[in-house]
Amino acid sequence: MRKSFFPGTTGIFALFFVPYIVTIIFHGANTTLINKKFNVEMLLPVIVSSQIEDKYELETIKAQTIIARSNFYRTMKEEKNLAITLYQIKKEMEGKSLACVILQNKYEKAVTETEGKVIVWNKELKLVPYHELSAGQTRDGMEVFHNEDDSYLRSVHSLVDKNAKDYLNSVYINKNVLPERIEIKSRDSAGYVTEILADGKVLEGEAFRKGMGLTSSNFTIQKSGKEIRFLCRGKGHGLGFSQYGGNEMAKESANAKEILQYYFPEMDVLNIKSVNC
């Protein structure tokens, strides 16, 4: 029987790991024992808790854990700087209650039951994106990044996402703060806006979405008196793993590996020891 990484909610984790995370949060990664080796598995519950809520099924959280572990190792490999990796964790943890993480065994269980598991393409660590809710179909990597290297990110149907209560979101913005003429120039095959024409200037769709505070770049534009209504479908960038869709699969008894293989059909779930790091 495999032992837990945290023998009790007030055990080793509370005594030794929390001060380490507190240092990251309050003093920044650059002051945090950058050259000290630490257990990545021990850090994962904190990372995953900032990426997905505990209301999701365990298998969904396990899928997110595998994604988080994969992205952590990829960042370490590409950046070759622990400070950068820890700074990203600090940003994700801003506003997060450490007490809630310590007392939440669901994340610990997800890490323990997926120990060492990563998702890779041709045994290589690649970017593994995720989002809360797609617009009914996830996006194609080549269409988003315009690079052959991202062709491993395939578009898949996630029609169940349309049943989510917050699938549709409306954002009203006063015309005075927007360009005089604004229209959608192009969309990708999943329906997400890739280019906006704003007074003749071309703006990138995802950048515009973030700048305007829209929930998704899969939107339509409608005039509403002195305001412009952006009707958005889904939540997030729409690339990779849909947490909502994966959770619906988990409710139908799909395990974490099956969920990930659906959303990343070109990738494989392997042990980190067999990966080209």
Side-chain angles (χ1 to χ4, degrees), residues 50-53 64 67 71 75 87-88 91-92 94-96 126-248 263-264:
S50 70
Q51 297 177 349
I52 190 168
E53 297 181 56
Q64 185 67 41
I67 289 173
N71 285 332
T75 302
Y87 178 75
Q88 292 173 341
K91 296 298 289 183
E92 290 180 340
E94 287 180 352
K96 185 77 176 180
K126 305 282 282 186
L127 171 69
V128 191
Y130 61 91
H131 56 281
E132 186 176 345
L133 177 66
S134 82
Q137 180 178 343
T138 65
R139 305 175 73 179
D140 180 87
M142 277 193 64
E143 288 186 331
V144 173
F145 298 115
H146 310 289
N147 193 321
E148 181 70 30
D149 291 341
D150 300 298
S151 61
Y152 67 95
L153 295 171
R154 298 291 188 183
S155 174
V156 301
H157 289 294
S158 192
L159 297 176
V160 68
D161 291 7
K162 294 183 177 182
N163 298 329
K165 63 179 181 180
D166 50 356
Y167 171 72
L168 292 176
N169 292 274
S170 291
V171 177
Y172 292 85
I173 301 177
N174 194 293
K175 290 181 179 179
N176 293 333
V177 300
L178 291 169
E180 186 175 338
R181 295 187 62 184
I182 183 171
E183 60 181 297
I184 295 170
K185 183 182 179 183
S186 61
R187 297 178 183 270
D188 63 18
S189 59
Y192 288 78
V193 175
T194 54
E195 291 181 320
I196 287 278
L197 272 179
D199 288 342
K201 295 181 180 179
V202 178
L203 304 177
E204 196 272 329
E206 191 64 20
F208 178 84
R209 187 270 289 194
K210 290 181 179 179
M212 292 293 103
L214 307 181
T215 56
S216 167
S217 60
N218 189 318
F219 58 80
T220 56
I221 301 174
Q222 303 166 344
K223 293 181 180 180
S224 179
K226 295 181 180 180
E227 296 178 312
I228 297 293
R229 180 197 187 200
F230 293 89
L231 180 61
C232 306
R233 293 170 176 79
K235 284 188 172 183
H237 51 61
L239 190 66
F241 176 47
S242 165
Q243 293 176 335
Y244 181 92
N247 201 54
E248 292 303 301
Y263 282 98
F264 302 97

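Remember, predicted model here, so these are calculated numbers, not experimental data.
Nearest heavy-atom pair, K175 versus G225, reported as atom, atom and distance to 0.1 Å: NZ-O, 2.9 Å. When all heavy atoms of Y244 and N163 are compared, the pair lying nearest together is OH-C, 3.8 Å. Closest heavy-atom contact between V160 and E248: CG2-CG, 3.6 Å. Nearest heavy-atom pair, S151 versus R154, reported as atom, atom and distance to 0.1 Å: O-NE, 3.4 Å. Across L214 and R209, no two heavy atoms sit closer than the pair O-CD, 2.7 Å. Summarising the geometry of I67 relative to F241, their closest heavy-atom pair is CD1-CD2, 3.5 Å, with the distance given to 0.1 Å.
Judged by distance alone, the side chains of S224 and R229 never bring a donor and an acceptor atom under 3.5 Å apart. A side-chain N or O of Q64 and one of Q51 form a donor-acceptor pair less than 3.5 Å apart. Side-chain polar atoms of T194 and D188 form no donor-acceptor pair below 3.5 angstrom. A donor-acceptor pair shorter than 3.5 Å can be found between the side chains of Y263 and S158.
Between T138 and L239, the closest side-chain pair of non-hydrogen atoms is not below 4.5 Å. When side chains are defined from C-beta on, I173 counts as touching M212, because their heavy atoms get closer than 4.5 Å. Counting only heavy atoms from C-beta outward, the side chains of F145 and L127 approach each other to under 4.5 Å. Two residues are said to be in side-chain contact when any heavy atoms from C-beta on lie closer than 4.5 Å; E132 and D166 meet this criterion. Considering only heavy atoms from C-beta on, I228 comes within 4.5 Å of I221 through its side chain.
Of the inter-residue distances, the one linking H237 atom NE2 with Y192 atom OH reads 9.5 Å to the nearest 0.5 angstrom. Taking CG from N176 and NZ from K226, the interatomic distance works out to 8.5 Å, rounded to the nearest 0.5 Å. Distance check: I182 CD1 to L203 CG gives 7.5 Å after rounding to the nearest 0.5 Å. Here the straight-line distance linking atom CG of N218 with atom OG1 of T215 works out to 9.5 Å at 0.5 Å rounding. Annotation: the span from S217 atom OG to I184 atom CD1 amounts to 10.0 Å, rounded to 0.5 Å. Between the OG atom of S216 and the CG atom of N169 there is a distance of 8.5 Å, given to the nearest 0.5 Å.
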Practice item. Evaluate the side-chain contact (heavy atoms from CB on, under 4.5 Å) criterion for residues F219 and R233: first the C-alpha distance (whole Å), next the side-chain angles of each, then the deciding distance (0.1 Å), finally the verdict. Key: CA-CA 6 Å; F219 58 80; R233 293 170 176 79; over 6 Å; no

Practice item. Please lay out, stage by stage, how K235 and H131 fare under the test side-chain contact (heavy atoms from CB on, under 4.5 Å). Key: CA-CA 7 Å; K235 284 188 172 183; H131 56 281; over 6 Å; no

Check your understanding: Should V144 and D150 be marked as a side-chain contact (heavy atoms from CB on, under 4.5 Å) after you check the CA-CA gap, both sets of side-chain angles, and the distance that decides it?
Key -> CA-CA 9 Å; V144 173; D150 300 298; over 6 Å; no

Exercise for review: Go through the steps to decide whether V202 and I196 satisfy the test side-chain contact (heavy atoms from CB on, under 4.5 Å), and finish with yes or no.
Suggested key: CA-CA 6 Å; V202 178; I196 287 278; over 6 Å; no

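Between F208 and F230, the ring planes are tilted. Angles from 30° to 60° get that label.
Counting non-hydrogen atoms of neighbouring residues, nucleotides and ligands closer than 6.0 angstrom, the NZ atom of K210 reaches no more than 12 such neighbours.
For D161 (side chain) and S134 (main-chain N/O), a donor-acceptor pair under 3.5 Å exists by modelled atom type.
A salt bridge is defined here as a Lys NZ or Arg NE, NH1 or NH2 lying under 4.0 Å from an Asp or Glu carboxylate O, and E206 with R139 meets this definition.
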